[in-house]
Amino acid sequence: MAQKAENMNVTDELLSRYFSGEASPEEAMTIDDWRDRNEANNKEFNALRTAWNATSTHPYVIQDARAVWQQMQPLPQRSRPRRIRIATWTAAAAVLTGIVISLAILLRPVRQYTVTTAANETRQLKLPDSSHLTLLASSTLTYPETFATAERHIALQGRAGFDIHSIPEQPFIITVGGLQIKVLGTAFNVAEEDTATIVKVLTGKVLMYTSSDTLPVAGGQTAIYSKHDQHIRYDRVFHFENEELSVVCKALSAAYQTNIIIDHPAIASLKISSNFDNKSLDYILEVITTTLNIQYTRKPEKNEIHFTEEN
Amino acid sequence: MCIVYLRVKHFYGTLEPLNDLKTDSALLEQYFLEYFEVLHSYAYTILKDNDEAKDAVQAVFIQLWQKRESLQIRQSVRAYLYTATHNHCLNHIKSRKIRRKHYDRFASGMSSTSTTDIEQQIVFTDMKKEVLEAMKALPDRCREIFFKSRFEEKSYSEIAAELQISVKTVEAQMGKALRTLRTILSERTFSWLIISAQLISVLKNLFH
């Protein structure tokens with residue numbers, strides 16, 4: 001049979017499939033990996049290709065990649081996709097909404113207080129509804145003399161800690177760094193940075209929202225609003241310490257808002273230890289599958305990811 | 001995109017660098033130089049034409065460049081490139097109106113369209129004799145399947161349907177044909193001819 005050289009499931013059948021143009025992208029990659037393994041495999045491949053070529057009127061000829069690259073210069077201008085434009089309009093709409101809301105807050109007949117802290121100053125504040133607030137350094141808080149009956153609105157620039165007096169029928173709403181946070185009676189911290197607004201909820205639950213995005217954040221969770229892409233998402237920092245795959249899947253499912261399913265019960269109890277600091281889901285999946293020697297399959301139409309045993 | 005199947009054996013860089021394409025054509029060049037040869041080889045197997053294969057790979061990279069801001073690549077860059085090349089080739093084949101009958105030309109001495117110089121013609125003529133001889137050594141069934149695949153450019157499934165056999169059988173016979181050809185051709189003077197043919201094309205490239 002095929003190879004004295006190391007065999008990575010590369011058979012004569014697979015090789016002839018490849019030469020016949022029947023190989024799938026995965027099979028082509030398998031063959032290329034196999035060639036890369038060692039020189040013997042590569043030589044065998046070249047010998048087979050030569051034999052195959054001999055029966056062709058248009059034999060394969062290796063081309064100089066650099067020359068082909070030169071032919072492609074200059075690269076064409078990028079075609080700006082429609083998606084970007086929609087995003088721009090959404091951004092414009094969000095900014096406009098933000099301005100309108102801010103104006104609505106600021107132009108209300110109710111008298112507004114503005115408190116600003118210096119670079120080395122922290123100030124404790126008590127709001128009209130007897131909620132407590134710690135305004136950290138270099139921050140500004142705007143709040144009304146009395147809250148409207150329907151909703152309690154305040155605006156923040158910078159960082160603050162909140163302990164909100166719970167009044168279920170009169171939600172507490174903070175406008176900060178491009179988004180709103182609706183508080184449902186809780187303690188939490190807010191920090192507005194240059195690129196993002198970070199909300200860390202200690203107890204209870206808050207709702208972070210913009211005109212286009214909504215995310216509930218519960219006690220123990222941290223969420224980030226990115227000013228760049230205007231999305232709110234959970235902070236994706238994970239420290240898995242000898243954790244079972246089933247637990248890891250739950251945490252990832254929640255953070256990336258997808259369903260991660262373990263198809264084979266046998267792999268559910270595999271253990272993993274790893275730290276992921278705001279990595280892409282693809283990255284994390286690759287690390288997990290490589291570490292545990294399992295596979296994953298995406299089913300985007302169902303928003304599912306399946307872990308399966310290595311075939 | 002439907003189901004993307006990933007079997008991760010190695011890391012080919014991280015997944016993030018693709019984002020850098022937005023600012024960096026040097027990265028595109030790096031990917032191109034790294035993957036052109038294997039992608040071209042793969043595209044050639046499907047299209048059976050060097051230039052068309054080259055065009056296909058170029059198109060894949062130009063598409064990657066033009067769409068880099070909106071593309072969402074859920075696989076590794078490598079897997080993306082192979083898949084895109086595959087799709088591109090299949091689309092291209094669909095758009096090909098007439099299938100060329102390679103064997104007619106092969107047997108009638110009209111070898112490659114570009115081989116106009118006499119030296120190369122001679123090499124090809126000798127080579128052809130060897131190859132036709134070698135193919136006689138294949139069992140009848142095997143040769144029939146091989147001919148349909150190589151010279152009529154039929155797909156495995158077309159051959160299977162035509163001969164009322166399974167695709168698996170076609171695969172097995174094609175594997176056998178490949179192995180037989182390899183064995184016979186390497187035993188004969190053939191390797192010499194191949195080397196001289198390759199030398200000529202290398203020399204031609206050098207002086208162009």
Side-chain angles (χ1 to χ4, degrees), chain A residues 2 11-26 28-29 32-33 47-66 68-69 71-72 75-84 280 282-283 285-286 289-290 295-301 310, chain B residues 1 3-9 11 14-16 25 29 32-33 36-38 40-42 44-46 48-50 54 58 61-62 65-70 74 78-79 82-83 86 102 105-106 111-112 127 131 149-150 155-156 171-172 174-179 181-182 185-186 190 194 201:
Chain A
T11 59
D12 286 351
E13 281 78 17
L14 178 57
L15 286 161
S16 52
R17 278 175 64 78
Y18 177 86
F19 291 126
S20 303
E22 298 270 337
S24 68
E26 289 78 15
M29 283 190 273
D32 290 337
D33 287 343
L48 287 166
R49 179 156 68 188
T50 304
W52 194 263
N53 264 344
T55 62
S56 175
T57 48
H58 293 61
Y60 170 77
V61 181
I62 289 184
Q63 307 216 356
D64 178 25
R66 206 162 278 283
V68 177
W69 172 254
Q71 284 177 9
M72 285 166 68
L75 290 168
Q77 287 299 303
R78 63 180 176 220
S79 58
R80 272 194 154 268
R82 188 166 256 257
R83 231 171 60 90
I84 298 288
S280 73
D282 288 301
Y283 176 87
L285 291 173
E286 294 215 6
T289 48
T290 308
Q295 296 177 348
Y296 75 94
T297 314
R298 278 183 179 276
K299 294 192 174 155
E301 69 282 0
E310 180 94 319
Chain B
M1 194 179 294
I3 297 166
V4 177
Y5 168 74
L6 254 185
R7 185 189 171 109
V8 184
K9 283 290 174 200
F11 283 101
T14 60
L15 294 163
E16 277 85 352
S25 68
E29 181 177 4
F32 187 89
L33 295 179
F36 174 77
E37 192 191 323
V38 287
H40 178 251
S41 168
Y42 180 42
Y44 169 82
T45 66
I46 303 170
K48 297 171 176 68
D49 185 292
N50 283 298
K54 184 195 76 185
Q58 284 183 330
F61 275 89
I62 284 180
W65 176 248
Q66 286 183 317
K67 290 191 179 172
R68 64 194 181 278
E69 290 186 334
S70 60
R74 297 185 180 281
R78 179 176 184 246
Y82 274 83
T83 310
H86 187 241
H102 278 176
R105 277 192 283 167
F106 184 78
S111 57
S112 176
M127 203 162 79
V131 173
S149 169
R150 292 299 285 133
S155 71
Y156 279 18
E171 276 186 29
M174 289 296 289
K176 202 164 146 188
L178 173 66
R179 181 56 46 188
L181 278 178
R182 154 102 169 92
L185 294 180
S186 61
F190 184 73
I194 289 289
S201 65

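So you know, we letter chains A, B, ... as the sequences are listed, proteins then strands, and number each from 1.
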| field | Gap between atom CD of B:Glu171 and atom OG of A:Ser20 - 0.5 Å precision | value | 9.5 Å
| query | Are A:Arg66 and B:Glu29 ion-paired here, with the side-chain N under 4.0 Å from a carboxylate O? | reply | yes
| task | Just say parallel, tilted or perpendicular for the rings of A:Trp69 and B:Phe32, cut-offs at 30° and 60°. | result | tilted
| task | Go through the atoms of B:Phe36 and report whether side chain, backbone, both or neither lie under 4.5 Å from a heavy atom of chain A. | result | side chain
| message | To the closest 0.5 Å, what do you measure between OG1 (B:Thr45) and CG (A:Leu15)? | response | 11.5 Å
| query | Is B:Tyr42 reaching over with its side chain to a backbone N or O of A:Ala28, donor-acceptor style, under 3.5 angstrom? | reply | no
| said: For the backbone of B:Arg179 and the side chain of A:Asp12, can you confirm whether one donor and one acceptor N or O come within less than 3.5 Å of each other? | reply: no
| query | Minimum heavy-atom separation for A:Gln63 to B:Asn50, with atom names? | reply | NE2-CB, 3.7 Å
| field | Residue A:Glu22 versus chain B: region with a heavy atom under 4.5 Å | value | side chain
| remark: Here the pair of heavy atoms bringing B:Arg182 nearest to A:Ala47 is CZ-CB, 3.4 Å
| B:Met174 and A:Arg17: side chain to side chain contact (heavy atoms under 4.5 Å, CB included), yes or no, with the steps? | CA-CA 8 Å; B:Met174 289 296 289; A:Arg17 278 175 64 78; over 6 Å; no
| Criterion side chain to side chain contact (heavy atoms under 4.5 Å, CB included) on A:Ile62 and B:Glu37, from CA distance to verdict | CA-CA 7 Å; A:Ile62 289 184; B:Glu37 192 191 323; 3.9 Å; yes
| field | Side-chain touch A:Ser24/B:Tyr82, heavy atoms, less than 4.5 angstrom | value | no
| query | Of the non-hydrogen atoms in A:Val61 and B:His40, which two are nearest, and what is the gap between them? | reply | O-CE1, 3.6 Å
| salt_bridge(A:Asp33, B:Arg78) N-O dist < 4.0 Å | yes
| Looking at B:Leu178 and A:Ser16, what are the two nearest heavy atoms and their distance? | CD2-N, 3.7 Å
| Separation of B:Gln58 CD from A:Gln71 CD (nearest 0.5 Å) | 5.5 Å
| query | Can you check side chain to side chain contact (heavy atoms under 4.5 Å, CB included) on A:Phe19 and B:Ser149, steps first, answer last? | reply | CA-CA 10 Å; A:Phe19 291 126; B:Ser149 169; over 6 Å; no
| Counting heavy atoms not belonging to B:Lys176, are there more than 12 under 6.0 Å from its NZ? | no
| task | Apply side chain to side chain contact (heavy atoms under 4.5 Å, CB included) to B:Tyr44 and A:Asn53, showing your working. | result | CA-CA 11 Å; B:Tyr44 169 82; A:Asn53 264 344; 3.9 Å; yes
